[in-house]
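Scroll down for the structure; my scribbles are underneath it.
Numbered from 1 within each chain, the chains take letters A, B, ... in sequence-line order. Note: hydrogens, waters and symmetry copies are ignored here, and every other heavy atom, side chains too, is used.
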2 protein chains.
Amino acid sequence: MVLNQAELKKHLKEVDLFTFLTEDQFNQLVAAAAQKKLAKNEVLFLEGDPGEAMFIILEGAVQVYTLSPEGKEKILAILGQGDLLGELSLLDGEPRSATAQALEPTRLAVIDRAQFERFIRENSEVALILLRDLAHRLRQTDAHLQDLVFKDIQSRLAKVLLDLAEDYGENTSQGVKIKLKLTHQQLANYVGSTRETVTRTLLAFQDAGYVGFDQRFLVITDPETLQQIADGEPK
Amino acid sequence: MVLNQAELKKHLKEVDLFTFLTEDQFNQLVAAAAQKKLAKNEVLFLEGDPGEAMFIILEGAVQVYTLSPEGKEKILAILGQGDLLGELSLLDGEPRSATAQALEPTRLAVIDRAQFERFIRENSEVALILLRDLAHRLRQTDAHLQDLVFKDIQSRLAKVLLDLAEDYGENTSQGVKIKLKLTHQQLANYVGSTRETVTRTLLAFQDAGYVGFDQRFLVITDPETLQQIADGEPK
DNA sequence: TTTGCTCTATGTAGTATTTGACATACTCCC
DNA sequence: GGGAGTATGTCAAATACTACATAGAGCAAA
C-alpha cells in the first residue's frame, strides 16, 4: 500500500525536527520525498556503504548497529515512527558508520542528497534546526557513554525498558505493554552485555514484580521502581 | 602575557573548523574574540551552568568530564590547542552537560552567544561547516562507545596513549614523548576503569617494552605493537 | 639551598563481584 | 517435527574493591 500525500504529510508532521518548518517548507519537502518499504529484518544500508540518502521512518522500527571485529553487535539506536535516519552521511559525506535493519515491517520516506541540499539551501534556518538536533544527540550519546561506565546491567536494562515503553508502549490494565518484540540477544546488544546476563536480570525483574509478560510481550508493571533502578538506586 | 592579534589569528588558523573560512570571515571572528586565561586545575565551567559562551583553546589543555552520583569521574574528552569547547550550549540552549577544567595553564578565545549568532547569521555557510563537524563528532562518540563495549582495558588504554601521543607528542630518540602529564587516576577516568588497573596495565606495557619514562613523562617506544593492542589483537 | 613535613601518586596484594563462555534442556511457533 | 528462541546452571576470567606500603613532589621554615 502506498501512502497518499495527506497521509505522508501527517507522518512527517510527527518529526520533531520538522515541526519547526512553515507549511510551505513542509509541502516542499513532502513533494520531494520518495518512499521505500522494508520487510522485517531487511537491511536498509550496511556499515561502509556510501551514504547518498536520508530517511524518515513513517511506520515501523529500525535498529542501527555496528559489528565488532569478532562479530559481536552493539545496537546504537532503535528508531521508530517519526525518527530521522542516515542524515550524518549527507552532512559530512562519510560512508555509513553503522548498519540499519528493520525490526518489523517498515515504511520510510527517502530524501536523497540533491533534494536535501536544495532544501537546506532554500531554507537557511533548517541548518540551525539541524544543528540543535545534532547537539542534542551528541549530549544523549555522551549520556549513554556515562551509563555504560557508571551503571551496572540492572540499571542499563531498566533504563532501556523504560525507553522502549516510552516509544512503543501501550497502556493496559497490568501496566505498559511494549509492542516491540526484542530477543534477549538484542537487548544484550543494546545495553552492552550478554544474552545470559539479560536473561538473568530480566528474570530477577520478573520475580520482583517489576515486569511481567502478556502473550510474550513485555509489560512494565512497576515503572517507578524500575526508574529508581535505572537511576542507580540498588535493589 | 596577552596575545596580539597576529598571534591570536595564527592560533585560530589551526582550528580545523575555521580553515574553511575566508580571510574576511576570519578577521571578523578574530576581532570579536575576547580572551581568558586559566591556571592549572582551574575550572572553566561546571556541569549544570547555563552556557553563554564558547571557547577556542589557544594554548594548553582542558579536560571535559562528568561526575556520577557516587562522585566518580568520566573524562569525555581531552582538548588541546585549536579545539573548540562549549559550543553545544550555544547551539541548543541547554546548560552545560559536563565540567571543563584546565589540565595545565591555558589560554582561550571567548566567543559569546551574541557574537556567535551574529557570525552564523552573517556567514550562512558556517552552519554547514558546523554541521559537518558535529556529524563527525557524533560518529567519534559512537566509536568511543563501541570501544567501551567491545574492547578490554589493554586496548582502550593503548588507544588513549596513542591518541595522546598524536596530540601532545614530541619525537625523541627513544620514541614519542607525551608532554601532557596525566595521573593514573585521570587515565582511569578516561578509559572507564580504576586507577589500580591502569597502574597494572601500564606496568605491563613497560615490562613488555612498549612504553617507557623520561623524567616522569610517558614515552611511547613501540607504537606499532600498541596500535595492534588498541585494535584488539591480544598480547 | 637544605631539611623535613605533608600530600599526592604509585605500586602491590588479596578478596569479592560481575560477567562472559559453555553446556544443556525446554518451549513455542511455523 | 524441526528450528529458533529461551531458561538456567556451572565454571572461569576479568575487573573492581579494599587496604596498605612506598615513593616523589611541592612547600615552608630554617
Side-chain angles (χ1 to χ4, degrees), chain A residues 39-41 63 68-74 103-104 147-158 160-161 178 180-208 211-218 229 232 234-235, chain B residues 39-41 63 68 70-75 101 103-105 147-158 160-161 178 180-208 211-218 229 232 234-235:
Chain A
K40 180 171 176 174
N41 295 327
Q63 62 172 336
S68 76
E70 298 81 33
K72 287 192 294 187
E73 286 183 19
K74 170 71 179 104
L103 288 172
E104 47 185 48
D147 286 347
L148 227 37
V149 174
F150 292 141
K151 298 190 176 166
D152 60 16
I153 303 286
Q154 284 213 344
S155 298
R156 275 142 55 194
L157 189 58
V160 163
L161 294 181
I178 296 174
L180 181 68
K181 272 189 187 167
L182 294 175
T183 66
H184 290 190
Q185 183 64 61
Q186 287 174 317
L187 284 172
N189 294 343
Y190 202 5
V191 301
S193 178
T194 59
R195 186 187 55 71
E196 293 85 338
T197 302
V198 167
T199 298
R200 250 194 312 257
T201 308
L202 227 36
L203 282 174
F205 284 171
Q206 204 176 345
D207 285 350
V211 305
F213 285 91
D214 178 11
Q215 307 147 264
R216 325 212 85 240
F217 284 99
L218 225 157
I229 294 173
K235 203 41 196 268
Chain B
K40 180 170 176 174
N41 295 327
Q63 62 172 338
S68 77
E70 297 81 33
K72 286 191 295 187
E73 287 182 19
K74 170 69 180 110
I75 298 181
Q101 182 182 27
L103 288 173
E104 48 186 46
D147 286 346
L148 228 37
V149 174
F150 292 140
K151 298 190 177 167
D152 60 15
I153 303 286
Q154 284 213 343
S155 297
R156 274 141 57 194
L157 189 58
V160 164
L161 294 182
I178 296 175
L180 181 68
K181 271 189 187 168
L182 294 175
T183 66
H184 290 189
Q185 184 65 60
Q186 288 174 317
L187 284 172
N189 294 343
Y190 202 5
V191 302
S193 177
T194 58
R195 184 190 60 74
E196 293 87 338
T197 302
V198 167
T199 298
R200 229 178 307 131
T201 308
L202 225 36
L203 283 175
F205 283 172
Q206 204 176 344
D207 285 350
V211 305
F213 285 91
D214 178 11
Q215 307 148 263
R216 323 211 89 240
F217 285 99
L218 225 157
I229 293 173
K235 207 33 194 285

Do the side chains of A/Phe213 and A/Gln206 get nearer than 4.5 Å, heavy atoms only?
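A side-chain contact exists here, since the closest heavy-atom pair is under 4.5 Å.
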Are side-chain heavy atoms of A/Leu187 and A/Leu202 found at a separation under 4.5 Å?
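A/Leu187 reaches A/Leu202 side chain to side chain.
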Within the structure, does a side-chain N or O atom of [X] lie under 4.0 Å from either OP1 or OP2 of [N]?
{"X": "A/His184", "N": "D/dG5", "result": "no"}
{"X": "B/Arg216", "N": "D/dA25", "result": "yes"}
{"X": "B/Ser193", "N": "D/dA16", "result": "yes"}
{"X": "B/Thr197", "N": "D/dA16", "result": "yes"}

Rounded distance (Å) that lies between atom [atom2] of [N] and atom [atom1] of [X]:
{"X": "B/Arg200", "N": "D/dT18", "atom1": "CZ", "atom2": "C1'", "value": "13 Å"}
{"X": "A/Leu182", "N": "D/dA4", "atom1": "CG", "atom2": "C1'", "value": "16 Å"}
{"X": "B/Gln154", "N": "D/dA16", "atom1": "CD", "atom2": "P", "value": "13 Å"}
{"X": "A/Phe150", "N": "D/dC17", "atom1": "CZ", "atom2": "P", "value": "12 Å"}
{"X": "B/Gln185", "N": "D/dA16", "atom1": "CD", "atom2": "P", "value": "12 Å"}
{"X": "A/Lys72", "N": "C/dT19", "atom1": "NZ", "atom2": "C1'", "value": "11 Å"}
{"X": "A/Leu187", "N": "C/dT19", "atom1": "CG", "atom2": "P", "value": "15 Å"}

Say whether, by atom type as modelled, one donor and one acceptor occur between the side chain of [X] and the main chain of [Y] under 3.5 angstrom.
{"X": "B/Arg156", "Y": "B/Lys151", "result": "yes"}
{"X": "B/Gln101", "Y": "B/Asn41", "result": "yes"}
{"X": "B/Asp214", "Y": "B/Phe217", "result": "no"}

Counting only distance, no hydrogens or angles, is the base of D/dC17 paired donor-acceptor with the side chain of B/Glu196 under 3.5 Å?
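Not at all, since no donor on one side and acceptor on the other fall under 3.5 Å apart.
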Base, sugar-phosphate or nothing for B/Arg195? Non-hydrogen atoms, less than 4.0 Å.
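Base contact.
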So A/Thr183, base contact, sugar-phosphate only, or nothing? Heavy-atom distance under 4.0 Å.
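Result for A/Thr183 = sugar-phosphate.
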I want to verify a distance call: between C/dT19, D/dT15, C/dG11, whose nearest atom is closest to the A/Ile153 side chain?
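Ranking C/dT19, D/dT15, C/dG11 by closest atom to the A/Ile153 side chain puts C/dT19 first.
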